[in-house]
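Notes follow once the structure below has been shown.
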Amino acid sequence: MSAAVWRERLGVEGLVEERPGEWVVRAELSELPALADRAAGSGLRLASLFGTDEGEGRTAVHHLWACAEPPGFVRVWAVVPAGAGFPSISARHPAANWFEREVMDAFGPVPAGHPNPNHVSLHDDWPEGAFELRKDFDERRVVPRVGGQYRAYRPVTGEGVFHIPVGPVHAGIIEPGHFRFGVAGEPVLYLQLRLFYVHKGIEKRFERLPWRHGLFLAESISGDTAVGHALAWVHAIERLAGVEPPPRARHLRVALLELERVYNHVADVGAIATDVAFTVPASRAQAIREDLVRSHERLFGSRLLRGTIAAGGVKCDLTLRSRKELMAQLARLGRDFKDLVSLLIDSGTFTDRVDGTGVLETQVARELGVVGVAARASGLDLDLRRDQPHDAYRGLRFEVPVEEVGDVRARLMVRAREVEQSLSLLAQVLDALPDGALLSPLPDALPAEASALGWAEGWRGECLHWVRTDARGGIDRVKVTDPSSRNWPALVRAVPGNIVPDFPVINKSFNLSYAGNDR
Amino acid sequence: MLSILTRSLRTGILTEKDPFAAAPPFGFPVIDFARCIACDKCATACPTGAIQLTPAGPDRKLLRMSHAACIQCRECLTACPEQAISKAHDHEVAAYTRDQLTRVASFDVDEAGRATFRGVAAQPGPSLDESAARLRERIQGRLGRSLHVRQVDAGSCNGCELEIAATANPVFDLERFGIHFVASPRHADLLLVTGPVTRNMEIALRRTYEATPEPRIVVAVGACGCSGGLFGEGTCSSVGAVDQVVPVDVYIPGCPPRPQAILNGLLVAMGRREARLAAALR
């Protein structure tokens with residue numbers, strides 16, 4: 001039924017519903033741009049874009065679109081012949097910008113008509129012609145470093161105009177990346193990013209590991225999003241295997257995902273205070289977070305909630321007593337956190353630093369395909385928990401907080417309001433946890449030559465894992481899309497016009513993952 | 001202003017007197033070799049190769065367990081058919097060499113293929129005490145009771161960074177031990193490095209090390225920093241453990257290590273605490 005809707009909206013014949021909420025159509029390569037325009041025109045949002053190796057030098061390019069009504073994802077794909085390029089959609093759909101360049105860097109085909117067809121994931125000393133994600137590329141191959149410069153930084157010229165290079169090793173306890181500011185006095189003219197310093201070849205590694213070990217890799221994509229990525233991974237595996245986790249497990253997963261959201265949001269609110277040198281609330285936030293992650297350790301055996309999610313269910317349980325304790329603690333946390341937020345926004349010296357700082361406009365956010373906290377702070381009302389519900393979210397009551405201004409304060413307020421919603425969700429789940437099993441049995445092997453998408457709304461935004469199996473049921477390809485991949489280009493648009501000393505707090509208000517982006 | 005003061009007074013002091021008082025619910029796995037039948041189930045279940053079973057001749061098998069690579073996932077506990085693996089509530093673990101974090105048990109295999117435990121091989125390289133003495137000699141008291149630390153993320157998933165940052169929170173408050181995070185390697189006595197070292201961070205790590213004044217100490221943090229962990233060593237993107245690029249003085253295993261373990265490892269590097277191994281390795 002819903003497949004017919006999409007056939008009509010996109011004007012394609014061969015579209016089929018491969019799985020509930022996953023519509024797939026193979027198109028001709030030349031049709032991709034027109035289909036992208038039609039998809040965007042019918043309210044779809046580009047969620048990911050990736051390549052696959054189709055053998056004999058051929059590559060496939062997949063456009064993944066998210067839709068709220070009917071809820072799910074549409075994947076349009078086309079095969080690129082050996083040695084050929086593929087039509088770029090980035091000029092009309094800027095959300096595709098980095099994705100298309102990543103396809104080029106990892107598989108070879110060049111996006112034709114791309115406004116900036118430079119390498120994005122490869123560093124200057126990576127040789128030409130070595131494509132990591134092609135099947136004939138051995139992970140253990142020694143790749144020599146070469147000289148040369150792939151990507152020169154945009155120059156700045158003029159009196160009093162200069163570059164400030166920062167990184168990859170930063171001054172704080174944060175991840176590595178290189179920022180290059182073009183400045184005229186204090187205000188930033190523009191910002192250039194060079195990331196992928198912590199590229200570990202995770203997508204390639206998935207193909208080598210037994211599929212049961214993929215879960216641990218998923219938990220290590222971005223350490224602060226262990227539950228979010230673990231859920232996206234197991235959702236894909238469960239859809240492939242045709243397994244439905246039991247109700248108790250689905251509710252516990254909600255609890256785990258919301259706990260992850262709370263500890264990260266609390267820490268981020270504190271970190272924003274740190275970056276404007278407001279130490280009292282910063283310390284309070286750290287103490288609240290520490291109290292919560294200690295409970296994680298006591299209840300689930302891991303401060304960062306690793307090892308809690310399993311394919312088919314969960315690996316942990318909560319007794320009635322521990323649920324009551326946790327609820328009491330969360331009630332306390334709610335009060336303390338509210339107090340903390342009011343301490344911040346009642347302070348003129350604080351709001352002076354965050355109001356109107358680092359504005360990401362709604363139109364820009366929409367064009368760039370920004371997701372998660374950053375999107376909701378810029379007026380984009382999207383959340384997979386409500387729009388494409390997973391686990392037990394369909395039956396739970398919650399609101400999706402949206403702010404309009406898109407500045408540092410808006411991103412702070414989205415977090416503050418989301419913590420309230422998370423606490424309400426946790427209360428609902430912990431109060432009425434269904435009885436029953438924690439795990440549904442999984443088959444010994446995954447079906448051969450099949451693919452499925454797993455998704456979860458992590459604390460930072462949507463985590464997507466697209467998994468395809470080979471002829472023997474092993475992992476053939478995993479595309480990991482971290483919310484950071486989509487939000488980093490937005491930082492470049494939010495910083496210009498602000499002064500250099502405000503950059504740390506703008507960056508922190510996005511708090512994007514380098515590890516998740518670089519993989 | 002007044003409200004801030006009253007709130008601070010009401011909160012009081014949150015810092016724990018002894019951060020090492022409480023044992024974790026799960027440290028590292030302990031194999032009871034007497035009950036182990038060297039069946040390979042734990043080695044197959046282990047995602048990082050922290051447990052490996054290798055035949056050594058027709059009638060001998062070696063079981064190698066390395067806490068440097070263990071991500072504490074507990075899969076081996078459920079995989080063991082003999083319930084020979086238990087969870088230990090190990091206190092903070094740190095060592096000076098990878099060998100100190102590794103044990104090799106040998107098993108006799110009879111004609112029917114049954115394995116019986118024979119003994120644990122002697123640990124190669126210096127003992128904990130010898131390593132501690134060497135490090136002390138190298139530093140020659142030049143640190144005194146203060147330590148300036150530059151943290152370097154050379155490829156981490158950011159889990160270790162979260163726990164390193166937590167050591168500075170009001171509950172742990174590592175500054176009371178004289179430990180202070182600094183912004184530049186040129187101001188640092190010690191580099192606290194997480195891994196795996198990626199190809200794209202290898203040069204930056206080496207340059208950071210070169211910018212650090214002697215006697216520079218390097219501490220590797222986490223399963224990936226100690227061994228390459230899940231990401232392996234020698235792939236096109238991951239060089240592997242920190243010691244593949246710069247010499248390492250102290251290893252803090254775990255995935256990620258708890259803030260208590262990181263704090264302990266720093267105090268071990270300063271010579272202010274004795275290095276301890278997990279129960280299984282003692």
Side-chain angles (χ1 to χ4, degrees), chain A residues 123 125-126 130 132 137-143 145 168-169 171-176 196-202 204-205 209-210 213 215-217 219-224 226 267 280 283-284 286-287 289-291 293 297-298 301-304 306-307 315 339 343 346 513-516 518, chain B residues 3-4 7-8 11 14 24-26 44-45 47-48 71-75 87 150-166 168-172 181-185 196 198-201 203-205 207-208 224 229-232 234-238 255-256 258-259:
Chain A
H123 278 209
D125 60 7
W126 186 268
E132 190 187 11
F137 185 95
D138 182 3
E139 184 198 42
R140 305 204 65 85
R141 175 176 154 190
V142 178
V143 182
R145 292 187 192 272
V169 178
I173 304 171
I174 53 168
E175 301 179 71
F196 292 88
Y197 282 91
V198 291
H199 173 68
K200 297 183 275 286
I202 289 181
K204 187 79 175 177
R205 192 117 186 116
L209 289 181
H213 288 172
L215 175 61
F216 305 108
L217 203 51
E219 286 183 335
S220 294
I221 289 167
S222 184
D224 51 21
V280 173
S283 297
R284 285 297 303 151
Q286 288 174 4
R289 174 195 181 273
E290 181 63 27
D291 206 31
V293 296
E297 187 174 46
R298 200 178 61 247
S302 163
R303 287 166 55 95
L304 305 185
R306 287 177 184 228
K315 292 186 218 161
D339 193 46
L343 182 63
D346 290 348
S513 169
Y514 302 67
D518 301 355
Chain B
S3 71
I4 295 173
R7 272 180 243 225
S8 295
T11 308
L14 296 172
F26 182 76
T44 314
T48 62
I71 58 163
Q72 300 162 309
C73 68
R74 296 157 237 210
E75 290 297 298
K87 53 179 177 182
R150 171 68 263 177
Q151 198 265 335
V152 184
D153 175 341
S156 150
C157 73
N158 77 30
C160 288
E161 275 61 36
L162 294 182
E163 296 299 52
I164 291 169
N169 73 28
V171 181
F172 291 107
F181 287 106
V182 292
S184 165
T198 59
R199 172 193 171 93
N200 292 344
M201 276 304 288
I203 295 169
L205 173 61
R207 285 191 190 161
T208 306
C224 304
L230 272 168
F231 306 102
T235 75
C236 60
S237 315
S238 162
C255 186
R258 308 161 75 224

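Labels below follow one simple rule: chain letters A, B, ... track the order of the sequence lines, proteins then strands, and each chain is numbered from 1. Hydrogens, waters and symmetry mates are skipped; everything else that's a heavy atom, side chains included, is used.
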Validation row: [X], [Y] side chains within 4.5 angstrom (heavy atoms):
| X | Y | value |
| --- | --- | --- |
| B/F181 | B/I164 | yes |
| A/Y197 | A/H123 | yes |
| B/I203 | A/D125 | yes |
| A/F196 | B/S237 | no |

Please state whether the side chain, the backbone, both or neither of [X] comes within less than 4.5 Å of a heavy atom of chain A.
| X | result |
| --- | --- |
| B/C255 | both |
| B/E75 | side chain |
| B/R7 | side chain |
| B/I71 | side chain |
| B/S184 | neither |
| B/F231 | both |
| B/T48 | neither |

Go through [options] and name the one with the most non-hydrogen pairs under 4.5 angstrom from chain A.
| options | answer |
| --- | --- |
| B/S8, B/S156, B/C224, B/P185 | B/S156 |
| B/P256, B/C236, B/S238 | B/C236 |
| B/R207, B/E161, B/Q151 | B/Q151 |
| B/A168, B/G229, B/A45 | B/A45 |
| B/P24, B/A154, B/G234 | B/G234 |
| B/N169, B/L14, B/T11 | B/N169 |

Quick one: what part of [X] sits under 4.5 Å from any heavy atom of chain B, side chain, backbone, both or neither?
| X | result |
| --- | --- |
| A/L304 | side chain |
| A/D339 | both |
| A/R205 | side chain |
| A/V143 | both |

Quick one: which of [options] has the most heavy-atom pairs under 4.5 Å with chain B, could you say?
| options | answer |
| --- | --- |
| A/A287, A/S222, A/P210 | A/S222 |
| A/G301, A/A515, A/G307 | A/G301 |
| A/E139, A/R289, A/E132 | A/E139 |
| A/R306, A/E219, A/R141, A/K315 | A/R306 |

[atom1]/[X] to [atom2]/[Y] distance, rounded to the nearest 0.5 angstrom?
| X | Y | atom1 | atom2 | answer |
| --- | --- | --- | --- | --- |
| A/Q286 | B/F172 | CD | CZ | 11.5 Å |
| A/K200 | A/L217 | NZ | CG | 9.5 Å |
| A/I221 | B/N158 | CD1 | CG | 11.5 Å |

Residues which pass side-chain contact (heavy atoms from CB on, under 4.5 Å) with A/I174, listed by chain and number, not counting sequence neighbours
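A/I174: side-chain contact (heavy atoms from CB on, under 4.5 Å) contacts with A/H170, A/Y514.
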Can you tell me if CZ on A/R145 sees more than 12 non-hydrogen neighbours from other groups inside 6.0 Å?
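Yes, CZ of A/R145 has more than 12 neighbouring heavy atoms, counting only those of other groups under 6.0 Å.
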Any carboxylate oxygen within less than 4.0 angstrom of a Lys/Arg side-chain nitrogen, looking at A/R303 and A/E290?
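Salt bridge: yes.
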